[in-house]
Amino acid sequence: MDRNSIIGIVLIVLLVMGYSYYTQPTAAELAAQQRSKDSLALVNQQAQAAKALEAASQSQSNQATSSTVNDSLASSPDSASHLAAQQQYGIFANAANGTDTTAILENDKIKITFHTKGAAMTSILVKDYKTWDGKPVTLINNAHLFNLRFPLGNKVIETKSLYFTPTASANSLSLKLDAGEGRYLEYRYQLNPGSYLVDFKINTINLHQAIASNVNNLEADWQSPIMAQEKSLENERAASTIYFKFDQEEVDYLSTTSDETKNLTGNVKWISFKQQFFSQILIAAAPLENPTVTSTTNLKSTSEVKKFACSFTIPFNHTPAQSIGYTWYFGPNHYQSLKKIENLELEKQINLGWGIFGWVNRFLVIPVFNFLNGFHINFGIIILILTIIVRLVLLPLTYKSFQSQAKMKVLQPEVTELNDKYPDDPLKKQQEMMALYKRAGVNPMGGCLPGLLQLPILIAMFNFFPSSIELRQEHFLWATDLSTYDSILDLPFHIPGYGAHVSLFTLLMTASTLIYTRMNMQMSGAIQPQMKWLMYLMPIIFLGVFNRYAAGLSYYYFLSNIFGFAQQEIFKRTIDQDAIHRKIQENKKRPTTQTKSKFQQRLEDAAKARGYKLPK
């Protein structure tokens, strides 16, 4: 460092030392600080001594009380149990101990078994249906369905731990949770003959003084494991999730492919634990406010599809007598039956497809199925008749499509010539082709319209067959259940992308689709090799997809292909391609006076802008 730096550092050190000396406390100030410290220490010592004295006194009191209680409990074990129950359950202490018995509510449709502990529905049997292996359809089995939770003093009461007293009549069941002195909580169920609906009321009597005035809601938990009922657990999981409906809004649902928890912000009219063909639905008289729903899947389980849970609050208005009403639905996902229930749109939880695909199912497929089912014929025959009806409806358009394909085939040599003439100029080639079609009077898109019109029906069927409970366990030929896959051979191993079984209907559908594709390509003339490869590849891919889908779906597509073959053979015999060729040649000689479409005009304008001379 230079001399100036050294001088600066020395001056800074001297300034710091001088400031420290000037600001240090005097002897009188030091003495005052010491007296203050001694005073604070004395206060702390006195406070600690007081706390120690109080703790010792409390300990002696507790020991004396404990000794007295222990002596009393030693002489009366029942008193010990009752005292413990009072400490834990308060006014519900008498319901803390009891015998867990069962009570049954039953009609000709369902049978519900309750356990008095927790007033839990532990079994729900749907009588008119069987599982795929012939067992009774049990929506829940040995599972707790409903629990109510609310604060009582410094405790939290949960009804699932307490014993209810049952009182049964012909169609109703009352389960009361006694709180003494005329106070009780009651679950009342009413089941009408011939119905899957159960009226459910939660009644609170004289509990308004026992529950703190700042408690305005009781918390309810509804949980249910969804038991496997169908042959394909994979298909059943894909169709099972929680559906719900807000007031004045469309029906919505949780993800079917992943676990999800969702807080439903708003007023919810109903919540459904929906599986493929059966549902547990809670319908609220007054909308549920901001419930939370959860769907989880245990992929290791072979008997449980998913586990659903719902938590919501029940308003408590602190009146001597309060009643909150709900309705349970435990039954099949039958479209017409759900649609009749109070116009709640419960039927929309059945996946019939969105938009036009759902309309086709609701206004065409379902009415036809219901009409034909009234004749009590086999559903395989009903599907056959439905296929014929669809083909007859589309017959005029299909005929037009075949004519258009025949015309395109006649023009194929000239199209090939244009492809060779303009290999590097696609716009010029397109303009020349459009001029050719225009002179010949051929619409190149004429063959697409029937296919586009049939597409909504094909996709609608894709949603209808796996969702239609009418097809469940309906036999046809070798298929024992048209709502799930048919199997003529169970493989001892699993083929990725295909499965561990062989579906004959899927094989027939795939083979017929390949043949039908080849026939269409022959009618259409030359097709690019890449397009040919793709058109043959798609049916092979669908072979693996449809192998686990509903047999009724593959059967319908197979029939549709067969009728397609028959129509093409008939058309070939009725359409004279030589006459078509002569007609096209005559059209070429006529002056074209047709009005240009906007799309064609834009193409021609673009070509002119690039300097092309268009044919007249």
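The structure presented is a predicted model; accordingly, all values stated were derived computationally and were not measured.
- A donor atom on one side chain and an acceptor atom on the other are not found under 3.5 Å apart for Asp481 and Thr484.
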Evaluation steps, side chain to side chain contact (heavy atoms under 4.5 Å, CB included), between Ile226 and Gln280: CA-CA 9 Å; Ile226 305 302; Gln280 306 169 40; 3.9 Å; yes
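- Side-chain N or O atoms of Arg237 include one that pairs as donor or acceptor with a backbone N or O of Val305 at under 3.5 Å.
- With hydrogens and angles disregarded, no donor-acceptor distance shorter than 3.5 Å links the side chain of Glu304 to the backbone of Leu299.
- A donor-acceptor pair under 3.5 Å is formed between the side chain of Glu236 and the backbone N or O of Gln229.
- Side-chain contact check for His208 and Gln322: no donor-acceptor pair (N or O, by modelled atom type) lies under 3.5 Å.
- Judged purely by distance below 3.5 Å, without hydrogens or angles, the side chains of Asn147 and Thr159 pair a donor atom with an acceptor atom.
- A donor-acceptor pair is defined here as one N or O able to donate and one able to accept, closer than 3.5 Å; such a pair exists between the side chain of Lys127 and the backbone of Asn107.
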Salt bridge (Lys or Arg N to Asp or Glu O under 4.0 Å) assessment of Glu347 paired with Lys339: CA-CA 5 Å; Glu347 73 279 1; Lys339 189 175 182 180; 5.7 Å; no
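- You'll find the ring centres of Phe542 and Tyr557 outside the 6.0 Å limit.
- With hydrogens and angles left out, the side-chain atoms of Ser232 and Glu234 include no donor and acceptor closer than 3.5 Å.
- In this structure a side-chain-to-backbone donor-acceptor pair under 3.5 Å is present from Lys274 to Ala239.
- A side-chain donor-acceptor contact under 3.5 Å links Thr513 and Asn561.
- Ser195 places a side-chain N or O within donor-acceptor distance of the main-chain N or O of Leu197, the cut-off being under 3.5 Å.
- Nearest heavy-atom pair across Lys130 and Val137 is C-CG2, 3.4 Å.
- Heavy atoms of other residues, nucleotides or ligands lying less than 6.0 angstrom from OH of Tyr335 number more than 12.
- Residues Glu186 and Ser174 bring a donor and an acceptor atom of their side chains to less than 3.5 Å of each other.
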Side chain to side chain donor-acceptor pair (under 3.5 Å) between Asp221 and Ser311, worked out: CA-CA 5 Å; Asp221 292 325; Ser311 61; 4.6 Å; no
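- In plain terms, the two heavy atoms of Leu173 and Pro166 that are nearest each other are CD1-CB, 4.3 Å.
- Counting only N and O atoms by type, the side chains of Ser503 and Asp486 include a donor and acceptor under 3.5 Å apart.
- Aromatic ring centroids of Trp222 and Trp328 lie under 6.0 Å apart.
- No option in Ile366, Asn373, Val365, Leu372 other than Val365 meets the side chain to side chain contact (heavy atoms under 4.5 Å, CB included) test with Phe369.
- Under a 3.5 Å cut-off, the side chain of Asp252 and the backbone N or O of Tyr243 do not form any donor-acceptor pair.
- Taking the six-membered ring for Trp and the full ring otherwise, Tyr549 and Tyr485 have centroids separated by 6.0 Å or more.
- Here the side chain of Ser123 pairs no donor or acceptor atom with the backbone of Ile112 at under 3.5 angstrom.
- Side-chain contact check for Ser272 and Gln349: at least one donor-acceptor pair (N or O, by modelled atom type) lies under 3.5 Å.
- A pairwise comparison of heavy atoms in Asp259 and Thr297 identifies OD1-N, 3.0 Å as the closest pair.
- Here the CG atom belonging to Leu482 is positioned 8.0 Å from the CZ atom belonging to Phe476, to the nearest 0.5 angstrom.
- Counting heavy-atom neighbours within 6.0 Å of Ile495 CD1, excluding the residue itself, gives a total above 12.
- A distance of 14.0 Å separates CG in Leu352 from CH2 in Trp359, rounded to the nearest 0.5 Å.
- Closest approach of Leu559 to Leu384, counting heavy atoms only: CD1-CA, 3.7 Å.
- Remark: the backbone N or O of Pro332 is paired with a side-chain donor or acceptor of Tyr329 at under 3.5 angstrom.
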Phe244 vs Leu254, side chain to side chain contact (heavy atoms under 4.5 Å, CB included): CA-CA, chis, key distance, verdict: CA-CA 9 Å; Phe244 47 88; Leu254 298 187; 4.1 Å; yes
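- Ionic pairing of Lys109 and Asp128 is present here: one or more N-O contacts between side-chain nitrogen and carboxylate oxygen are shorter than 4.0 angstrom.
- Shortest non-hydrogen contact noted between Asn351 and Ser467 is O-OG, 3.1 Å.
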Stepwise salt bridge (Lys or Arg N to Asp or Glu O under 4.0 Å) test for Glu250 and Lys348: CA-CA 9 Å; Glu250 289 294 320; Lys348 288 190 176 181; 3.4 Å; yes
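- Judged purely by distance below 3.5 Å, without hydrogens or angles, the side chains of Asn203 and Ser323 pair a donor atom with an acceptor atom.
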Stepwise side chain to side chain contact (heavy atoms under 4.5 Å, CB included) test for Lys201 and Tyr326: CA-CA 6 Å; Lys201 289 185 177 180; Tyr326 302 91; over 6 Å; no
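- With hydrogens and angles disregarded, a donor-acceptor distance shorter than 3.5 Å links the side chain of Gln275 to the backbone of Met227.
- Side chains of Ser172 and Ser169: a donor-acceptor N/O pair is present below 3.5 angstrom, by distance only.
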Pair Tyr189-Asp199, side chain to side chain contact (heavy atoms under 4.5 Å, CB included): steps then yes or no: CA-CA 6 Å; Tyr189 297 88; Asp199 292 331; over 6 Å; no
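- Side-chain contact, Asp490 with His501: no donor N or O sits under 3.5 Å from an acceptor N or O.
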Test ring-ring contact (aromatic ring centres under 6.0 Å, His included) applied to Phe316 and Phe150, step by step: CA-CA 10 Å; Phe316 185 68; Phe150 53 91; 8.0 Å; no
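- Between atom CZ of residue Phe563 and atom OG of residue Ser512 there is a gap of 12.5 Å, rounded to the nearest 0.5 Å.
- Residue Ile202 holds its CD1 atom at 8.0 Å from CG of Leu218, rounded to the nearest 0.5 Å.
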